[in-house]
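One structure below.
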Amino acid sequence: MNRRPSLFAFSAARCWGVVLKEFLQLKRDRVTFAMIVGMPVMMLILFGYAINMDPKHLKTMLIDADRSEFSRSFIMAMHNTAYFDFVGELRNEAEGEAALARGDAQFVVNIPSDFSRRLVRGERPVVLIVADATDPAAASNAIGAVTRLAESVAWKDLGGALTRLSGSAPLFDVQVHRRYNPEGITQYNIVPGLMGIILTMTMVMMTGLAMTRERERGTMENLLATPVRPLEVLTGKIVPYIFIGLIQATIILVAAITLFNVPFVGSVVELYAVLLVYIAAALTVGITISSLARNQLQGVQMTFFFFLPNVLMSGFVFPFYGMPYWAQVIAHALPMTYFNRLVRGIMLKGNDWLDLWPNLWPLMLFTMILMGIALKFYRRTLD
Amino acid sequence: MVTLSESRVRRSEFAIDVRGLNKYFGKKHVVNNLSLQVRPGEIFGFLGPNGSGKTTSIRLMCGLLTPDSGSGTCLGYDIISESDAIKRSVGYMTQRFSFWEDLSIRENLDFVARVYQMPDRKTSVESALTNLGLKERANQLAGTLSGGWKQRLALAACMLHQPTLLLLDEPTAGVDPAARRDFWEELHRLAAQGISVLVSTHYMDEAERCHKLAYISHGALLAQGTAQEIVEAQHLFTWAIKGKMTDESLTQLSDVLANKAGVLQTAAFGNALHVTGRDPVVLEKTLRETLAELPHEMARTETSLEDVFIHLMRTAQGKKQ
Ligand SMILES: Nc1ncnc2c1ncn2[C@@H]1O[C@H](COP(=O)(O)OP(=O)(O)OP(=O)(O)O)[C@@H](O)[C@H]1O
Ligand SMILES: [Mg+2]
């Protein structure tokens, strides 16, 4: 059968017809429309709470081997930040680890025995704070507060006797060890992750249903009877969602920057370019699903089959290098993994194209492979 | 309006020419060795009981389904390998309404005009709306139309791109008599211009308006030809029995006659009962004996197309069982 060549023949005019039709249908479908705008807003409120979460009076335990005036005033200063409630004293680090593991303490402050001696000598001793960073958002404000202590509060509280040491450098260092979450995902990482989640969800699900809806409503027979070709239909169904994806990403971005003060150090152009690539990847997944699924329920099921590993394994929920090796291998086949890295790289690190490339080409490759699969499985007949 | 371009039928003298088509759904043999020829300018009626495979056959002809075996051409294009070309010049109206209910009437027509890449899209859409008499309601959503109006919209939409072959699957189901008459007049006008029409229907009056008919049952072609040819080929004889009879007695009479010698079938037509048989002598004898006691009028009448189709359907069923 020589159906092959026509598979790639393309008429922009026919495709545009499909685009217009999809836009009109989208406009009329209030529920879907509400979901498209509502989902980012809802997720932002949910996660925004997490981003803003500023819990105080966290259970803290103390290992004070120094027991000097200085260590006591430092502990008092910590207490005064309102973040730390000292609930007990421990003898050694092993007890500290155990307390963290049991959840008896969220922080263990370890002041070494030579703390005051070295402080007086100006040797900048180190206070070690071990934190349970399972919930990084919860711990990070407290950690921030104690880090500032070393810089400012120390002067005021320890002043007097130590004025000769005054200078620009802090008197001592606070070293924080995060446990259970070595990558220390901070609240900033939530924004890229959230973008990934919402784009994946909307793009994959909406387009996943696009074709099955035609099939279930019986309009597929009509569509197949017209001269529109598979590629035109697929493209025509994708285009409206590219706009929607960009709008959703913009909502998240603006809210993240204005409401939650998430830093943005990279280039906006880069970010939108990466967004487009990721949207394309997610859309091809959706289109593939809609070519495979027999009905809308199957479409939704397949969406979740794709969605869950992406969310769980992309480094958004669990730290990527904390996962077992096999999970990392799987995660390297998931587009959201690369998207998370790309957006983090742009927003937080200001990566340039060269930095982005190692995570960009896998996304492009993924998109092309999926497009091929979608075209192959697009059913040209009603069989 | 439309002139049939020579190139369209370049490779075949037929608008539709399919031979030996077979289609299975699982183990079910839905189209059984179907061969059909429709000439240009011909209105070809496609008849058969529910589930006999009419819709499936039409889908095979326009490339929406792939036959398991057999071959054929539509407008000279191969139904298996050139379905793209067929789609461009065929107007297919589906049995079930398959336009977009969440688009307005105008938007539906506009979409069709776009995908067929019609040069004068706006004018065509507007004139189609005017012809339909839907100009004022053009912005109404298609889903809110009544059943009959949906049907008329679908018809207008499938003729919009001025196809040279129309495949119409029960186009007038649910359409009122006046609109039906308009529709058939339009079909004959189109046919006169050389456009070919394959139309499936369950209405006898529509069957009689076709140039040619095909009757299928269980996917197999049982009769083909003009209405007259089909009737004559069955060699049936029919008597019409009238009298001062209530519906009840008519039914009783029909029951009584059903098993008598020479009677193939009975069918009530208003206050008359048509009794059909194959052997005129035996049939007449039976009738006279049975009806002797009853006040009645009895007259030979022409066997109608309906009588023939009912006969065909019953014999086909008998064979199946
Ligand atoms: N997609 C399908 N899958 C399985 N069986 C099918 C399919 N489509 C049709 N059939 C079966 O094929 C047979 C013929 O169906 P078809 O729709 O062609 O009949 P039809 O002559 O158009 O009937 P009607 O007069 O009711 O429209 C039926 O028994 C039907 O159940
Ligand atoms: Mg049918």
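First the proteins, then the strands, lettered A, B, ... as listed; each starts at 1.
When only modelled atom types and interatomic distance are considered, Asn22(B) and Ser69(B) share a side-chain donor-acceptor pair under 3.5 Å.
The most heavy-atom pairs under 4.5 Å with chain B, out of Thr219(A), Thr226(A), Leu20(A), Leu223(A), come from Thr219(A). Contact count against chain A (heavy-atom pairs under 4.5 Å) is highest for Gln117(B) among Glu101(B), Met93(B), Gln117(B).
Between Met195(A) and Gln248(A) the shortest side-chain heavy-atom distance does not fall below 4.5 Å.
Contact of Leu141(B) with chain A is made through the side chain alone, with heavy-atom distances under 4.5 Å. Phe99(B) touches chain A through backbone and side chain together, each having a heavy atom under 4.5 Å away.
At a threshold of 4.0 Å, the pair Glu107(B)-Arg28(A) counts as salt-bridged, since one of the basic side-chain nitrogens sits closer than that to a carboxylate oxygen.
The ring pair (Phe, Tyr, Trp, His ring centres under 6.0 Å) search around His29(B) returns Tyr24(B), not counting sequence neighbours.
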